[in-house]
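Structure record follows, encoded as structure tokens.
Because only heavy atoms are used, hydrogens play no part in the values below, and waters and symmetry mates are left out as well, while side chains stay in. Protein chains get the first letters and strands the later ones, always in sequence-line order, with residue 1 at the start of each.
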2 protein chains.
Amino acid sequence: MLRRTGSCSKPGTKACREKQRREQLNEKFMELSSVLEPTRTPKTDKSAILDDAIRVVNQLRGEALDLKETNQKLLEEIKSLKAEKNELREEKLVLKADKEKMEQQLKSMAVPSPGFMPSHPAAAYHSFLSRKLCFSIMRACQLE
Amino acid sequence: MLRRTGSCSKPGTKACREKQRREQLNEKFMELSSVLEPTRTPKTDKSAILDDAIRVVNQLRGEALDLKETNQKLLEEIKSLKAEKNELREEKLVLKADKEKMEQQLKSMAVPSPGFMPSHPAAAYHSFLSRKLCFSIMRACQLE
DNA sequence: AGTCACACGTGAGTC
DNA sequence: TGACTCACGTGTGAC
């Protein structure tokens with residue numbers, strides 16, 4: 001692209017304005033080329049610049065489409081992961097409630113009612129064995 | 001863009017080849033314009049086409065960047081969700097093991113050792129009460 | 001009228 | 001050399 005840089009010989013002439021118009025067009029060609037290839041020295045071939053522009057726009061459009069599709073799938077995966085997580089949390093809560101209920105029951109068993117007193121030596125010994133058993137259960141149930 | 005469509009007056013002339021070259025350039029302008037606006041009637045203004053091309057390329061570049069960034073964040077979120085899910089699953093397994101251990105202990109308590117026989121009526125009555133208590137605990141622990 | 005964008009043919013430079 | 005690309009000034013049609 002030859003460039004007779006500089007202003008017109010006779011300002012106001014039609015030829016001059018036509019020259020300015022060409023210069024503006026060429027500046028836009030350069031700018032487009034710079035945008036298309038931010039790294040390299042801009043091309044000076046108008047046909048090549050137009051070809052590149054067509055190619056790049058199509059390529060970027062496809063890329064954006066792919067990325068949007070991927071985004072959509074990732075969002076769906078997140079949605080399902082959150083659902084699974086909530087399900088696990090609920091199941092965990094149920095199990096925890098079960099466990100606490102069992103512990104509560106065992107604790108109340110370990111402390112007998114005040115009026116309950118074995119009157120016979122054999123009964124007292126049996127009661128001792130029962131309470132010993134209950135504590136061992138509690139130990140087993142608390143699990144560290 | 002005025003279009004003197006049709007071939008040259010005198011084929012082979014320089015003027016004719018120059019005309020063909022201009023026509024090729026114009027076709028590329030048209031194609032670029034079509035790519036830029038797939039829906040509308042293509043523009044015929046060369047400056048406007050170049051402006052649009054610059055704008056669209058920049059816009060698509062930014063859009064692609066945003067999408068890639070979003071993708072990255074989504075991937076990280078998925079990663080952390082999976083980690084949280086695994087943690088919940090492990091906690092659930094621990095709770096389940098606890099529960100089963102407690103159930104096992106209670107079940108073995110419910111069946112006393114064969115040599116264990118209360119010798120006195122009061123002791124027998126107390127043993128009866130203990131077993132009754134154990135069964136009620138088991139009912140409570142199994143929880144439907 | 002006058003302006004605008006384009007087409008045209010030609011001169012000039014490059015490989 | 002010849003074919004290519006670009007700049008230039010002008011001609012033309014549309015608004």
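- The CD atom of B:Glu23 sits 16 Å away from the P atom of C:dC6 (whole-angstrom rounding).
- At D:dC6, none of the side-chain N or O atoms of A:Asn26 fall inside 4.0 Å of OP1 or OP2 (strictly under the cut-off).
- When the C1' atom of C:dG11 is taken as reference, atom CZ of B:Arg21 falls 14 Å away, rounded to whole Å.
- Proximity of B:Leu81 to B:Glu77: side-chain heavy atoms (C-beta onward) are separated by under 4.5 Å at one or more points.
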Checklist entry - Do B:Lys28 and A:Lys46 pass the side-chain contact (heavy atoms from CB on, under 4.5 Å) test, and can you show the C-alpha distance, the side-chain angles, and the key distance before you say yes or no? => result CA-CA 10 Å; B:Lys28 291 180 182 181; A:Lys46 295 179 182 175; over 6 Å; no
Next on the checklist: Using salt bridge (charged side-chain N to carboxylate O under 4.0 Å, His left out), reason through A:Lys73 and A:Glu76 one step at a time and then give a plain yes or no.
Outcome noted: CA-CA 5 Å; A:Lys73 289 184 181 173; A:Glu76 288 176 9; over 6 Å; no
Next on the checklist: Working note: B:Leu36 + B:Arg55, criterion side-chain contact (heavy atoms from CB on, under 4.5 Å); need CA distance, chi angles, decisive distance, verdict.
Outcome noted: CA-CA 10 Å; B:Leu36 293 177; B:Arg55 181 179 48 78; over 6 Å; no
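- Spacing between atom CD of A:Gln20 and atom C1' of D:dG9 amounts to 14 Å, rounded to whole angstrom units.
- Rounded to an integer number of Å, the gap from B:Leu25 CG to D:dT5 P is 9 Å.
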Item to check | Derivation and outcome, side-chain contact (heavy atoms from CB on, under 4.5 Å), residues B:Glu91 and B:Glu87 | outcome: CA-CA 6 Å; B:Glu91 292 174 357; B:Glu87 191 178 353; 3.7 Å; yes
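- For B:Glu27 and C:dA7, the CD to C1' distance is 15 Å, given to the nearest whole Å.
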Item to check | Candidate pair A:Gln24 and B:Ser47, rule side-chain contact (heavy atoms from CB on, under 4.5 Å), full reasoning | outcome: CA-CA 8 Å; A:Gln24 288 179 6; B:Ser47 286; 5.6 Å; no
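- The side chain of A:Lys19 places no N or O atom within less than 4.0 Å of a non-bridging phosphate oxygen (OP1 or OP2) of D:dC6.
- Here the straight-line distance linking atom CD1 of B:Ile49 with atom CG of B:Leu32 works out to 6.5 Å at 0.5 Å rounding.
- Between the side chain of A:Arg61 and the backbone N or O of B:Val35, at least one donor-acceptor pair lies under 3.5 Å.
- Atom CD of A:Glu18 is separated from atom P of C:dG9 by 16 Å (rounded to the nearest Å).
- The distance between atom CD of A:Gln24 and atom P of D:dC8, rounded to the nearest whole Å, is 14 Å.
- Within the structure, every side-chain polar atom (N or O) of A:Arg22 is placed at least 4.0 Å from both OP1 and OP2 of D:dC6.
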Item to check | Watson-Crick and G-U pairing of DNA chain D written in dot-bracket, each distance under 3.5 angstrom, with | for inter-strand partners | outcome: .||||||||||||||
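- Checked by atom type and distance alone, the side chain of A:Ser33 never pairs as donor or acceptor with a backbone atom of A:Phe29 at under 3.5 Å.
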For nucleotides 2-4 of chain C, list the nitrogen or oxygen atoms of the protein found under 3.5 Å from its nitrogen or oxygen atoms, one pair per line.
residue	atom	partner	partner atom	Å
C:dC4	OP2	A:Arg17	NH1	3.3

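- Distance CE (A:Met30) to P (D:dC6): 10 Å, rounded to an integer number of Å.
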